[in-house]
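Input: a single structure, listed below in structure tokens.
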There are 2 protein chains.
Amino acid sequence: MNINPKKISNPQLKEQEFSINHQKLIDATIETIAKRGLADTTIAQVAKKAMVSQGYANFRFKSKENLLLSSLKFLSDEYKNSWQRIFEDNNLDPVGRVIKIIENDFSSKIASRNKIAVWVSFYSEVKFRPSYLTICQKQDEIYSSQMEKLIKELNFLTDQTFLTPREISETYLSMVDGLWQRILFDPKMYSHVFCKGLIKKYFKNIYTDENRFV
Amino acid sequence: MNINPKKISNPQLKEQEFSINHQKLIDATIETIAKRGLADTTIAQVAKKAMVSQGYANFRFKSKENLLLSSLKFLSDEYKNSWQRIFEDNNLDPVGRVIKIIENDFSSKIASRNKIAVWVSFYSEVKFRPSYLTICQKQDEIYSSQMEKLIKELNFLTDQTFLTPREISETYLSMVDGLWQRILFDPKMYSHVFCKGLIKKYFKNIYTDENRFV
DNA sequence: TTTTGTATTGAATAATCATTCAATATGGGT
DNA sequence: ACCCATATTGAATGATTATTCAATACAAAA
């Protein structure tokens with residue numbers, strides 16, 4: 001019956017990281033940002049949604065800023081884990097991998113309208129808060145370079161030489177960012193199916209002989 | 001010597017619209033958002049930058065919200081005017097028009113890092129402030145449909161049939177959005193030259209016979 | 001010069017919020 | 001049953017900021 005892990009019996013476990021309340025607060029933060037926007041997200045609302053006191057939320061995360069950062073980190077890690085698994089899956093050939101990547105980038109887990117709203121909120125502040133940039137940038141660099149390497153394999157297997165791997169992967173990445181933003185504007189028009197289709201068509205046009213890009 | 005247009009002698013001129021202070025405040029708003037972010041933009045800072053009193057800024061625009069809306073409207077109109085001129089230029093053929101559109105979308109006037117920062121700030125709040133959406137959405141719809149029509153002409157003039165005009169224009173629009181966002185992150189890597197080159201290469205790959213897409 | 005109407009100021013107000021902290025609750029060890 | 005350490009509370013504090021408005025400056029008209 002000991003649901004509440006008040007005592008941290010294992011000294012290896014570090015403060016925040018393993019508390020139920022910790023994750024409850026992060027989830028509540030994401031939900032609140034998604035529902036009301038970053039500007040209108042207050043600790044009081046987050047605490048209420050997480051069903052803890054306002055004072056506790058602040059005590060736990062030391063500051064609002066830190067709570068926001070932790071939430072961004074959580075989203076960022078979740079995303080990273082999802083694409084890393086694909087790059088590491090040895091059962092996939094390059095084409096299969098690209099398709100999985102596309103499907104992941106527009107899966108309901110990763111590209112839900114709520115999560116996109118949170119991403120875009122943080123993106124918009126990146127210029128003013130170096131700490132946000134730090135969290136996002138490194139992972140984006142890895143994603144970019146993995147993607148480029150993958151396209152290189154793809155080019156090698158086909159007779160595609162006009163577009164460089166760099167060009168194709170940059171085009172892909174910017175399309176994803178743009179489509180995510182457009183999902184926010186008009187989720188009806190920019191459905192996940194539409195977005196995936198658009199990108200697959202882009203690849204199909206490049207690798208005309210490959211029938212898996214529908 | 002009458003620089004200060006206190007009296008509105010012409011009764012046809014409506015309140016806000018034609019005052020020097022009006023534009024000074026809008027410019028100051030854009031600069032402030034670009035420098036500090038939407039969240040940290042206060043009327044006091046904007047007023048200071050515009051060199052009027054804080055009370056005046058509020059009096060003139062009735063509310064902070066209204067000042068922000070007016071600034072968004074200004075940016076939006078500026079953008080619209082720039083692309084509308086291109087669509088209406090009868091000296092251009094479809095290819096020339098597309099090239100002009102690309103160059104406009106990454107011109108220093110339209111795609112300056114400051115202005116992009118402001119755009120992205122507003123975009124990120126679009127889900128929560130219907131008034132922001134209203135301002136952006138209608139113009140974006142017109143831009144989309146004009147773009148699609150233009151690509152239709154292009155497809156007609158070439159032997160390109162695999163990608164539909166809709167697909168090409170949606171891909172273009174999402175790439176622009178994505179690249180703009182990336183300019184914020186890493187302006188060195190995503191230079192205007194790089195972005196334009198990437199997009200032109202996209203078109204060149206589709207319309208292989210057309211040599212103007214460098 | 002005096003009057004008059006508008007433009008502009010800047011200090012006061014009131015609301016919102018992050019943060020603090022003394023007080024309380026909780027539950028295991030003795 | 002009592003103690004003690006830690007978890008949690010919630011009310012108070014102080015800072016920030018949009019908004020208001022009475023007071024003032026100013027320019028033209030008389």
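Letters A, B, ... are given to chains in the order of the sequence lines, protein chains preceding strands, and every chain is numbered from 1.
Put simply, CG on A:Leu25 is 10 Å from P on D:dT9, counting in whole angstrom units. Note: CD1 (B:Ile43) to P (C:dA12) measures 19 Å, nearest angstrom. When rounded to the nearest whole Å, the span between CD1 of A:Ile20 and C1' of D:dA7 equals 14 Å. In this structure, the CG atom of B:Asp40 is 14 Å from the C1' atom of D:dA15, given to the nearest Å. Between A:Glu65 atom CD and C:dC17 atom C1' there is a gap of 15 Å when expressed in whole angstrom units. Rounded to an integer number of Å, the gap from A:Lys24 NZ to D:dA7 P is 15 Å. Between the CZ atom of B:Arg36 and the C1' atom of D:dT16 there is a distance of 12 Å, rounded to whole Å. Rounded to whole angstrom, the span from the NZ atom of B:Lys64 across to the P atom of C:dT16 amounts to 15 Å.
Side-chain nitrogen and oxygen atoms of A:Asn21 include at least one within less than 4.0 Å of the OP1 or OP2 phosphate oxygen of D:dT8.
Taking the charged nitrogens against the carboxylate oxygens, A:Lys73 and A:Asp77 do have a contact shorter than 4.0 Å, which makes a salt bridge.
Residues passing the ring-ring contact (aromatic ring centres under 6.0 Å, His included) test with B:Phe128, sequence neighbours excluded: none. Among residues two or more places apart in sequence or in another chain, the side-chain hydrogen bond (donor to acceptor under 3.5 Å, both in side chains) test is passed with B:Ser169 by none.
Side-chain contact annotation: B:Asp177 with B:Gln181, donor-acceptor N/O pair under 3.5 Å absent.
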Between the protein and nucleotides 13-15 of chain C, list the N/O to N/O atom pairs that are separated by less than 3.5 angstrom.
none

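In the displayed structure, A:Phe59 atom CZ is contacted under 6.0 Å by at most 12 heavy atoms of other residues, nucleotides or ligands. Atom NZ of A:Lys35 is surrounded by 12 or fewer heavy atoms from other residues, nucleotides or ligands within 6.0 Å.
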Which atom pairs, donor and acceptor, lie under 3.5 Å between side-chain atoms of residues 95-104 of chain A and protein residues at least two apart or in another chain?
{"from": "A:Arg97", "atom 1": "NH1", "to": "A:Ile86", "atom 2": "O", "distance (Å)": "3.0"}
{"from": "A:Arg97", "atom 1": "NH1", "to": "A:Phe87", "atom 2": "O", "distance (Å)": "3.0"}
{"from": "A:Arg97", "atom 1": "NH1", "to": "A:Asp89", "atom 2": "O", "distance (Å)": "2.9"}
{"from": "A:Arg97", "atom 1": "NH2", "to": "A:Leu92", "atom 2": "O", "distance (Å)": "3.1"}
{"from": "A:Glu103", "atom 1": "OE2", "to": "A:Lys200", "atom 2": "NZ", "distance (Å)": "3.1"}
{"from": "A:Asn104", "atom 1": "OD1", "to": "A:Ser82", "atom 2": "OG", "distance (Å)": "3.4"}
{"from": "A:Asn104", "atom 1": "ND2", "to": "A:Ser82", "atom 2": "OG", "distance (Å)": "3.0"}

Taking distance alone, no hydrogens or angles, what donor-acceptor pairs closer than 3.5 Å link side-chain atoms of residues 45-57 of chain B to residues at least two apart or in another chain?
{"from": "B:Gln45", "atom 1": "OE1", "to": "B:Arg36", "atom 2": "NE", "distance (Å)": "3.3"}
{"from": "B:Gln45", "atom 1": "OE1", "to": "B:Thr42", "atom 2": "N", "distance (Å)": "3.2"}
{"from": "B:Ser53", "atom 1": "OG", "to": "B:Tyr56", "atom 2": "N", "distance (Å)": "3.1"}
{"from": "B:Tyr56", "atom 1": "OH", "to": "B:Asn21", "atom 2": "ND2", "distance (Å)": "3.4"}
{"from": "B:Tyr56", "atom 1": "OH", "to": "B:Arg60", "atom 2": "NE", "distance (Å)": "2.8"}

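Remark: B:Val52, B:Ser53, B:Gly55, B:Tyr56, B:Phe59 in residues 48-59 of chain B come within less than 4.0 Å of DNA chain C through at least one heavy atom.
Taking 4.5 Å as the limit, some side-chain heavy atom of B:Cys136 sits within range of a side-chain heavy atom of A:Phe185.
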